[in-house]
**Q** 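I'd like to ask some things about the structure below.
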Number of protein chains: 2
Amino acid sequence: MSRVVTTYHQRIAQEKRALILTAATALFLELGYDRTSLARIAERSGVSRATLFKQFPSKAALFDAMVTESWSTADDEAPPPAGNIVDGLGIIGRRYAELLGRAQMTDLFRIVIAELPRFPELANAQFTHGKMPYFESVRGYLLAEHEAGTVRVDDVDLAATQFLGMISNYLFWPTLLVPGWEVSAERVAQVVDEAVRTMAARYAATGPGSSQAGSR
Amino acid sequence: MSRVVTTYHQRIAQEKRALILTAATALFLELGYDRTSLARIAERSGVSRATLFKQFPSKAALFDAMVTESWSTADDEAPPPAGNIVDGLGIIGRRYAELLGRAQMTDLFRIVIAELPRFPELANAQFTHGKMPYFESVRGYLLAEHEAGTVRVDDVDLAATQFLGMISNYLFWPTLLVPGWEVSAERVAQVVDEAVRTMAARYAATGPGSSQAGSR
DNA sequence: GAGGTGGTGAGTCGCTCGGCTCACCACTGG
DNA sequence: CCAGTGGTGAGCCGAGCGACTCACCACCTC
């Protein structure tokens, strides 16, 4: 991105910063905000406490940097299908399910929910990087299909929420509540498929279209 | 229930216990587990710290009692529609929406999610008093209608989850994330109605039944 | 009115926390 | 070779925490 001056001891400083963030991420996600002490972060990252305080002015700043960094790497790993609306609901739903299924993603959600009263600005990040891209994608798809006459959707916002809700309510909540919960890949695909079918049945343009039965 | 012996100073003790629980509930829900100190609970409840320690052996025990008590009063206020499955999806959905809409209910959800790693047994309570009764109710209704031939539902569990997910994803998540979020009663009813219609369209017995269009 | 139950308030203990300071060292770039 | 940047380790501080103790008191019941 920007031209990096690098090459002084600055490089070492950035390495230390990365080490701190890695350790902080692991500890915050595992223990929560209060039970994670800066001393343990320093110990785990192999960095002195003085360095930690020079890099991050306060515990809150470190926590904020950790969340921001986690979201950015999450975006890198699986970019949201922003503009591509022609692939239909299936691909969007599958990517959404994939996002919800990542283990450290649920941990991140958990701590964000827990610390929201203390860090209200995290709610924005949660929406911006989490649900919103997928919601917009579904919304755009439905809107385009509606205008094309393929489907008939009066309340697009509600319909999009319905679709994502059918997926997340099955895949996400148990993961958030039950520690070691896992859903097989087949079941994930099935859940998404069924959600797509339900949407097709509900919002068919006129009569029952191609989405009717489905023996499988 | 059980015959209460009462009438010694035991009654006073129970009053004190209730005062403690009330204060503890307010503080835990507002500040979270770690940031709530027993000293502040004692101060707020107007009870000495010694009394607090005699009533509850530890902070964890007090927290557990608080959650249990909150769930039981929640059940009293709106008993889950356990056996009554003839009223259909609408009444179940509306009661579910009413549960999710209560302000202190979201606070309770938040702290339970936050402290789950430390109190794993809370997950059971969350399921037992929260989602499960409504899930079972929807499930039972769909099963009965399926056997009656009114609808055709192959995967009852998935269908029930879809229904509740369409509701909770619209009403619950924003409430959990955005501090002062509110949804009007009309919109709540609309969301539930649309979820019912979607279910009817998807799981119609053969052709499109009575649930076809719906201009509104 | 005497006995006993239960509440009270103050105090103590050991511990951990976030935050901060400072003298000292390692290493790089000129 | 030497100046300077950045990391290090140890230590200190004030505060708050959960947990516990004990002498004292208020009140009801017999």
Side-chain angles (χ1 to χ4, degrees), chain A residues 3-67 111 114-115 117-119, chain B residues 4-28 30-67 111 114-115 117-119:
Chain A
R3 210 164 74 77
V4 186
V5 193
T6 64
T7 58
Y8 267 2
H9 305 206
Q10 298 185 354
R11 195 184 136 194
I12 295 183
Q14 287 186 5
E15 287 178 7
K16 296 289 178 182
R17 184 186 172 91
L19 284 175
I20 293 171
L21 275 177
T22 302
T25 302
L27 287 174
F28 274 135
L29 293 189
E30 180 188 350
L31 301 173
Y33 185 83
D34 290 286
R35 290 173 67 90
T36 300
S37 73
L38 299 178
R40 290 195 60 174
I41 293 177
E43 181 191 7
R44 176 152 178 164
S45 58
V47 155
S48 74
R49 306 200 339 184
T51 303
L52 197 156
F53 279 106
K54 282 177 187 169
Q55 293 272 4
F56 301 96
S58 69
K59 187 181 186 180
L62 174 56
F63 180 71
D64 204 86
M66 181 278 273
V67 173
I111 198 171
E115 302 304 330
R118 212 179 327 184
F119 299 91
Chain B
V4 187
V5 193
T6 64
T7 56
Y8 268 3
H9 304 208
Q10 298 185 353
R11 196 183 134 194
I12 295 182
Q14 288 187 4
E15 287 178 7
K16 297 289 179 181
R17 183 185 171 93
L19 284 175
I20 294 171
L21 275 177
T22 302
T25 302
L27 288 174
F28 274 135
E30 180 187 350
L31 302 173
Y33 184 83
D34 290 286
R35 291 172 67 90
T36 300
S37 73
L38 299 178
R40 291 196 59 175
I41 293 177
E43 181 190 7
R44 175 152 178 165
S45 59
V47 156
S48 75
R49 309 199 338 185
T51 303
L52 197 156
F53 279 105
K54 281 177 187 170
Q55 292 274 3
F56 301 96
S58 70
K59 188 181 185 179
L62 174 56
F63 180 72
D64 205 86
M66 182 278 271
V67 174
I111 198 171
E115 302 304 331
R118 211 180 325 186
F119 299 92

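Proteins come first, then strands; the chains are lettered A, B, ... in the order of their sequence lines, and each starts at number 1. Predicted model, so just to flag it, every value in this text is computed and none were measured.
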**Q** Between C:dG7 atom C1' and B:Leu19 atom CG, what is the distance in whole Å?
**A**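 To the nearest whole Å, that distance equals 12 Å.
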**Q** Does the cation-pi check pass for A:Lys59 over A:Phe28, that is, NZ or CZ under 6.0 Å from the six-membered ring centre and within 45° of its axis?
**A**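 Verdict for A:Phe28: no cation-pi partner in A:Lys59.
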**Q** Please report the distance, rounded to the nearest Å, between CD in B:Glu15 and P in D:dC28.
**A**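 Rounded to the whole Å, the gap is 12 Å.
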**Q** Among C:dG19, D:dC17, D:dG7, which nucleotide sits nearest the side chain of B:Lys59?
**A**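 Shortest atom-to-atom distance from the side chain points to D:dC17.
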**Q** Quick check: are there more than 12 heavy atoms from other residues, nucleotides or ligands sitting under 6.0 Å from CZ of B:Arg118?
**A**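 More than 12 within 6.0 Å, yes.
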**Q** Can you name the nearest heavy-atom pair linking B:Ala23 to B:Ile41, along with the distance?
**A**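 Shortest heavy-atom separation between B:Ala23 and B:Ile41 comes out as CB-O, 3.9 Å.
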**Q** Measure the distance from CZ on B:Phe56 to P on D:dA19 and round it to the nearest whole Å.
**A**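 From B:Phe56 CZ to D:dA19 P: 13 Å.
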**Q** Which of residues 20-39 of chain A sit near DNA chain D, with a heavy atom under 4.0 Å from it?
**A**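 Per residue number, the list is empty: none.
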**Q** Encode nucleotides 8-13 of chain D as B, S and - characters from 5' to 3', where the letter depends on protein heavy atoms closer than 4.0 Å: B to the base, S only to sugar-phosphate, - to neither.
**A** BB-BB-
**Q** Looking at A:Glu115 and B:Ala114, would you say the former's side chain and the latter's main chain have a donor-acceptor pair under 3.5 Å?
**A**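 Judged by distance alone, no pair lies under 3.5 Å.
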**Q** Quickly work out the B:Leu62 CG to D:dC17 P distance and round it to whole Å.
**A**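 Rounding to the nearest Å, CG of B:Leu62 and P of D:dC17 are 15 Å apart.
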**Q** Please report the distance, rounded to the nearest Å, between CZ in A:Phe53 and C1' in D:dG7.
**A**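 Answer to the nearest Å: 15 Å.
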**Q** Is there a side-chain contact (heavy atoms from CB on, under 4.5 Å) between A:Phe56 and A:Asp64 once you walk through the steps?
**A** CA-CA 10 Å; A:Phe56 301 96; A:Asp64 204 86; over 6 Å; no
**Q** Between C:dC17 atom P and A:Ile41 atom CD1, what is the distance in whole Å?
**A**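 Going from CD1 in A:Ile41 over to P in C:dC17 covers 11 Å.
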**Q** Any side-chain heavy atom of B:Phe119 sitting closer than 4.5 Å to one from B:Val67?
**A**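 When only atoms from C-beta onward are counted, B:Val67 and B:Phe119 do not touch, as no gap falls below 4.5 Å.
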**Q** Distance check needed: D:dC17 C1' versus B:Glu43 CD, whole Å only.
**A**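 My rounded result for the distance is 15 Å.
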**Q** Calculate the interatomic distance between A:Arg11 atom CZ and D:dG6 atom C1'; express it in whole Å.
**A**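 Those two atoms, CZ and C1', are 15 Å apart.
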**Q** Looking at A:Ala13, is its backbone amide N or carbonyl O close enough to the side chain of A:Gln55 to form a donor-acceptor pair, meaning the two atoms are under 3.5 Å apart?
**A**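 Indeed, once roles are kept as given, a pair shorter than 3.5 Å links the two residues.
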**Q** How far apart are the closest heavy atoms of B:Ala42 and B:Ser45, and which atoms are they?
**A**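 Scanning both residues completely, I find the closest heavy atoms to be O-OG, 3.2 Å.
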**Q** If every non-hydrogen atom of A:Lys16 is compared with every non-hydrogen atom of A:Gly46, which pair is closest and at what distance?
**A**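 Between these two residues, the closest heavy atoms are NZ-O, 4.5 Å.
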